[in-house]
Each structure stands twice: as C-alpha cells, then as structure tokens.
Student: 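This structure is in structure tokens; I'll ask about it shortly.
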Protein chains: 2
Amino acid sequence: MTTSANGRRRPPTIHDVAREAGVSRGTVSRFLNGGHYVSPAARRSVEAAIRKTGYVVNRHARSLSTGRSDSVAFLLTEPQEKFFEDPNFNVLLRGCTEHLARHDIPLLLMLAATDDDRRRLTRYITSGHVDGVLLVSSHSGDPVAAELRAAGMPLVACGKPMGLGSKVSYVAADDRDGAREMVRHLLDAGRRRIGMITGPLDTPGGTDRLAGYREVLAEAGLPYDPALVAEGDYRRAGGEEAARRLLSRAPDLDAVFVASDLMAQGVVNALHQLGRSVPDDIAVGGFDDSAAATAVTPALTTMRQPYDRISAEMVRMLLAQIAGEDTAGVILPTELVVRDSA
Amino acid sequence: MTTSANGRRRPPTIHDVAREAGVSRGTVSRFLNGGHYVSPAARRSVEAAIRKTGYVVNRHARSLSTGRSDSVAFLLTEPQEKFFEDPNFNVLLRGCTEHLARHDIPLLLMLAATDDDRRRLTRYITSGHVDGVLLVSSHSGDPVAAELRAAGMPLVACGKPMGLGSKVSYVAADDRDGAREMVRHLLDAGRRRIGMITGPLDTPGGTDRLAGYREVLAEAGLPYDPALVAEGDYRRAGGEEAARRLLSRAPDLDAVFVASDLMAQGVVNALHQLGRSVPDDIAVGGFDDSAAATAVTPALTTMRQPYDRISAEMVRMLLAQIAGEDTAGVILPTELVVRDSA
DNA sequence: GCCGGTACTGTGCACGATCACAGAAACCGG
DNA sequence: CCGGTTTCTGTGATCGTGCACAGTACCGGC
C-alpha cells in the first residue's frame, strides 16, 4: 500500500471541477477567465470545487487552444559568468521580471553558452513555449536574433544590434553622447592627457563610446593618440590589466575614461597599487553607475545608464509586438553622476 | 501591401507536412519520434517536406498528448544577486545545463525574489510546463519545496533541507566532515587560537560546518570560545566585516576557518588592511574551492565541494524521479586542497 | 401577451500532436 | 502457393482547454 488515498495520478481537469460543482465545462472556463457571465451561485460552487479538487489549469491545453503561452524568455546567448558578475545585469533582469509581473507573466531565463545550447533553445522558443524574447548579447550581430525574427517571434534586444539590416527592435543607452559628456567633464576639470579603456570593439557599445571620446578630443583641439587607448572586456580583471598596459605606455596620463564601472573598479585598484592617487594624480571616469561605482574608494564619477527605464521600455515594446504592433529602436539618454574619482 | 509572400501567419502543422510529403500524419509523427517503422522512401519525402515548410513541432500539442514537457526548471527562491556573485553557483548551473543537454532537455532558470514571484512560478510549474524542478535555496525549509512535492512534482534540492519531515530529495556536500578536516589541518599546523566565520546559522550548511569545527576543537581538548565565532552571509563583503569584528574581539587569533571562499577572500583583504600577514600571523582556511580561492593572494587552502558531481547527481536523481522512481538524499565527500593561506 | 434585450448556461468543435489498432504489403521457409 | 511473421501505413480516438454559438430564463415596457 504505497500509493496515497487517491489511487490515480491523473491531475484533476476542468471537467472534474465542472462535475464536482454541478455545472458545465463552459461555466468553469468562463469563471477561470475573468468570470464574466457566471452567476453568483455558480461562482461559489466552482470556487469550492476548485479548492476541493486542487485543480490547476493545464497550460498546454490552454496554449494549444489560444495560441498564446503567457510567458516570456530572457535569452542570454553568451557565457553567463560575464553577465552575472555585472551588477547592472542584475538590475536589468530584476526590472524585466518586475515589469512583466505586473502583467502576471513569468520570465524564463535561458542561458545559451554553446552553439548546442543555442540550437536547443532556439528550437524550444520557436516551438511555441514563449510569446516573445528579450535578448541580451553584447556581440549583437547575433544570428539567433535574425533566426527568431525570421520565425516571426516577437523580440527586443538590449543594446544596439550590429547589423543594421536585421530589423531587430532594441533599447539602448546613448553611448556616444554619454561618452561625450564624460570626456567634456574631464576636460572642464582641466585634464589634458586623457586616456580611455574601451569595451570590446566588435560591439556597438564599445565603438560608440570610443567615437564620443574621439569627437570631444577633436572639438577641444587635442590630438588623438592611439597609445592612450586600450581595449577591455567590461570585466573587473580586464580593467585592471588594461590600466597597467596603458600606464606603461603613457605614464603621464592625468585622466582615464573607462567604459564600464566594473572595469573602472579594476583600474582604481591598479592605480593604487602603482602608487598613483585618484583623483589627484589621475582622474577616473566610469560608465554605467552600477553598484560597483560606490563599492570602490574613491566613489566613481560615472555616466548613469537608466536601467530601470531600459527594462521598462523593453517589456513595453515586447508586449506591443506580441499584441501585433511594430516597434523600432529606442535610445535613452544617460546622465552624469559626479562623485569623487573625477 | 505590408505582409510578406505568405499571407497567413499560421505556422505549418504536422498535417501540412504530411500533405506535402504525400503520407499520413501518423507516418510523420513516427518519423519525428525515432523513425521506427518508416520506409526509406517515406523518410526522404518527410525530410524534404519538413525543410520546405519550415515545420517545427508544436510542443503544447505534443505535451498535451504525451503528458510530458521535456524541460526542467532550475528554481532559485531567493534574490539572485547573492548567488550570481558566487562562482560556485555558476559552476553548478553550468553543470546542470550540460548534463541535461545530454538528454536534449532545456533548462529554464526561474528567479523568485518575492512572494509574488514564488506564487506565480509555483503555479506556472504545477500547471505542467516542466517535468521537474531543481531547487536552490539556502533557507531550505522552503515552503515552495513542500508545495511542489505535494503537487507530485519531481524535485531535487541542492543542499540538505531543514525540515526532516519534508521528504525532499537532495544532494549536498558533507559539510560537517569537511569542516572537521579543515580544522584538523589547522591544528596539525600548530594553530591553537582558531576562530570561525560561519554561514547563516538558520541553514543546515551553516550549522553543520560550525558543528564540525566545535567537534574537532573538543576532541583536541581545546575550549569552545563563542568570542572566536562570527556569523557571516557567504558573501565577500560579509566576510570582510565579520573578520574585523572577530579581530577586535580576539586580536590573538592565529587561524580562521571561513565557511566559504568568497567570504575568505574578504577576510584576507581585511587582514591585509589590518597589517596581519597570511598565513604567517594568521592562517585562513576556506570552503568551496571556488574560483575565488585562487583569485586572492595568498591562494586559499580550502575544502573542495564536488560541484561537478553534485550537478550530475542532481540531474540523475531528477530524471529518475521523472521516470517514476523514488530517490532519497545523497551526501558527497569534500576534499582538502592545500594552497598557501594555511 | 408579445417583444427585445440582458444574464447566464451547455454543447460541439477546434487546436496539433501521440498512440492504439487494423489492415496492407513484403518477405520467408516449407 | 500457403500461412506466419515483420515491416510499414493510414484512420480514428484522445489529451484538456477556449470559444462560437445556440438556447434558456428572466425582466421591463408597450
């Protein structure tokens, strides 16, 4: 006698509830979906029957019938470590979860580190399990995006996609303008030998911030010196390493614009170890205004990326696409946050 | 004229493929599921038809028919930041993903930070969208676990559950024995004033490691001094802070056993700032053997948790449960890794 | 008493797959 | 050429829902 009181394993169906409540399946179904056109008496007995049977709706059957799944994927097409380390990513993820929660839509995080994962998850997504996809990928010429769009899947990317022809909706911060403002801030503070540690230069975010840096230097009549620029990878350790490279090439730097706070944290550590004081010897400007900005001493002057607005906008656009509307790209402004490092 | 060549939006069904290939639905279905009893000629024309129509199986229909969903949830019932920071969590997650991939099963990561999220996701899970759940939660008297088990959902927890009556299968490292081995190692090195920074003491992992520490001290005839013990939260910053507390109370410590490498990293930083050298003044023993162990100088002596085996075991047990078998708890041994810090 | 309208209820079909089953075709040994 | 097995194929029935639709009951107004 191992099985419990109910010998059957089959979960209760809407039919069981209907029988228990003494009404028809249709009435139960109406009750479940808003409850319009259900008499108070029927409503009460259905409620009781649901409690008694422990009924939960079978989402496969519902989805098959309606064509919707009422869930959304958050797809990460790169190794998760890189993003999990970044406080901003957590803010973005949390924001998307919360905004979707208002519509009672669960968010499924899918991690695709390998090509094999990508294939498996692409198939999973296109086979109807989600209504739409929020995509995060720094190398955003991502074939996955094109593939999902081709399958007619609603999709919004975080960050400007690389290929312009792909017609992928996106939400991004204004990288170029943000970089301009930060470099101008450094110039206004009297700095003249300003270096930069960029993000990966095969991504739009990486190149746009570099472009802003170069523009402002040119406008100020300062020469562009490639020796003052080092490429980083948005990670803490990468920033530390890039700072060492940069200072060995150009010991006379008086400021560095670093394309992410996480890297800037590494930069500040490296400068301390090299005996340079921040900001007296060298000013450091970050980017993101992530938790890393205030976790370091001195606290970072940085460009705030409006991650709360970005997640809100991504969700809004995705729901619009799911509802059948077309959406385009959105670029949101950044904001200078002056603290102690510059 | 905004729509593309095919005016309809309806994705192709198995029926469309069958018609295109000149065979019946049954034959296409057999082809899709292993391909037994399908003649070579039929096979070829079905393959061609699938390519031509761009057919992908509708998983809702399949799941409705089979009762399976061929996907698994990885449920995190606490704020993600805490776990995402931990390199071990990434190893565990990656391991589960890979082991499931061998069975072609996608893993869906579900984050439940709030009670609201927990309700939503519990409903989502019990309504049939996944075949089983891998649960990670440090406060593992988790009501979610009990609820899912009550609904008959296969479930394996990472870490020993708090309530013994809950009958939840789990996989855990041998915390008590690991702690014993580390403290014995510190004693063997001649240390006598050994402090400890624990994990949260409302979790089994936290109390078991503390128990091991106390046992070995007692066996060595050393007194247990509560002033030498501080409670931490497994996070880097928490370790740093706990170390300061500990040293202000007991400046004559000659060793600390820290219940996680991430905290130990913070401890080493704090000790450096306080002018103590590691391991000469104070030896530091960690726990986990995570990436943090080698990211710090000196590299940490630590207890390795076999995360690759843990993930393998969790997946194996979950699949067994899905197949209808019963599984119990599994405790895996840890291993002392001697490096420079102790 | 008939009318139109509103509130409510039940029936049957559709969704897109799997699966059991029956029957056809092919093969094979005697 | 027969009976028996194996291989292959198509035809319903089925899974649990939502939804369109038909139908009932009640109500107020002329």
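Letters go in sequence order (proteins before strands), and every chain restarts at 1.
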Student: Would you say B:H129's side chain and A:R59's backbone share a donor-acceptor pair under 3.5 angstrom?
Tutor: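 Flag not set: sc B:H129 to bb A:R59 has no pair under 3.5 Å.
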Student: Any donor-acceptor pair under 3.5 Å between the side chain of A:R25 and the base of D:dG16?
Tutor: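 Absent.
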Student: Is there a donor-acceptor pair closer than 3.5 Å between any side-chain N or O of B:D70 and the backbone N or O of B:I105?
Tutor: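 No: the side chain of B:D70 does not pair with the backbone of B:I105.
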Student: Nearest of C:dT18, D:dT17, C:dT9 to any side-chain atom of A:A61?
Tutor: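 Shortest atom-to-atom distance from the side chain points to D:dT17.
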Student: Just to verify, what does A:Y55 make a ring pair (Phe, Tyr, Trp, His ring centres under 6.0 Å) with, not counting sequence neighbours?
Tutor: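 Checked A:Y55 against ring pair (Phe, Tyr, Trp, His ring centres under 6.0 Å); zero matches.
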Student: Nearest to the B:N58 side chain among D:dG16, C:dG16, C:dG10, which nucleotide is it?
Tutor: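 Of the candidates, C:dG16 comes closest.
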Student: Give every pair of a protein N or O atom and an N or O atom of nucleotides 4-6 of chain D that lie under 3.5 Å apart, one pair per line with the distance.
Tutor:
none

Student: Using a cut-off of strictly less than 4.0 Å, decide whether B:S65 has a side-chain nitrogen or oxygen near OP1 or OP2 of C:dG16.
Tutor: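 So the side chain of B:S65 is outside the cut-off, no N or O lying under 4.0 Å from OP1 or OP2 of C:dG16.
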Student: Confirm from the modelled atom types if A:R59 and D:dG16 form a donor-acceptor pair under 3.5 Å, side chain to base only.
Tutor: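 No, the side chain and the base share no sub-3.5 Å donor-acceptor pair.
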Student: Any pair with a residue in residues 36-47 of chain B that passes side-chain hydrogen bond (donor to acceptor under 3.5 Å, both in side chains), sequence neighbours left out, goes on the list, sorted by first then second residue, please.
Tutor: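 Listed by first then second residue: nothing to list.
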Student: Consider the side chain of A:S24, meaning its heavy atoms from C-beta on, and name the nucleotide among C:dG16, D:dT17, C:dG10 that approaches it most closely.
Tutor: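 The nucleotide sitting nearest to the side chain is C:dG10.
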Student: Measure across A:P106 and B:Y124 and return the closest heavy-atom pair with its distance rounded to 0.1 Å.
Tutor: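 In terms of heavy atoms, the two residues are closest at CG-CD1, 3.5 Å.
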Student: Taking the side chain of A:T27 as heavy atoms from C-beta outward, which of C:dT9, D:dG18, D:dT9 is closest to it?
Tutor: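 It is C:dT9.
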Student: Would you say C:dT9 has OP1 or OP2 under 4.0 Å from some side-chain N or O of A:S39?
Tutor: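 For C:dT9, OP1 or OP2 has a side-chain N or O of A:S39 closer than 4.0 Å.
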Student: Could you tell me whether A:Y55 contacts a base, only the sugar-phosphate backbone, or nothing, with contacts defined as non-hydrogen atoms closer than 4.0 Å?
Tutor: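 Sugar-phosphate contact only - A:Y55 comes under 4.0 Å of backbone atoms but never of a base.
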Student: What nucleotide among C:dG10, C:dA17, D:dG18 has an atom nearest to a side-chain atom of A:T66?
Tutor: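 Ranking C:dG10, C:dA17, D:dG18 by closest atom to the A:T66 side chain puts D:dG18 first.
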Student: Counting distance alone, no hydrogens or angles: does the base of D:dG10 have a donor or acceptor under 3.5 Å from a partner atom on the side chain of B:R30?
Tutor: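 By the distance-only test, yes, there is a pair.
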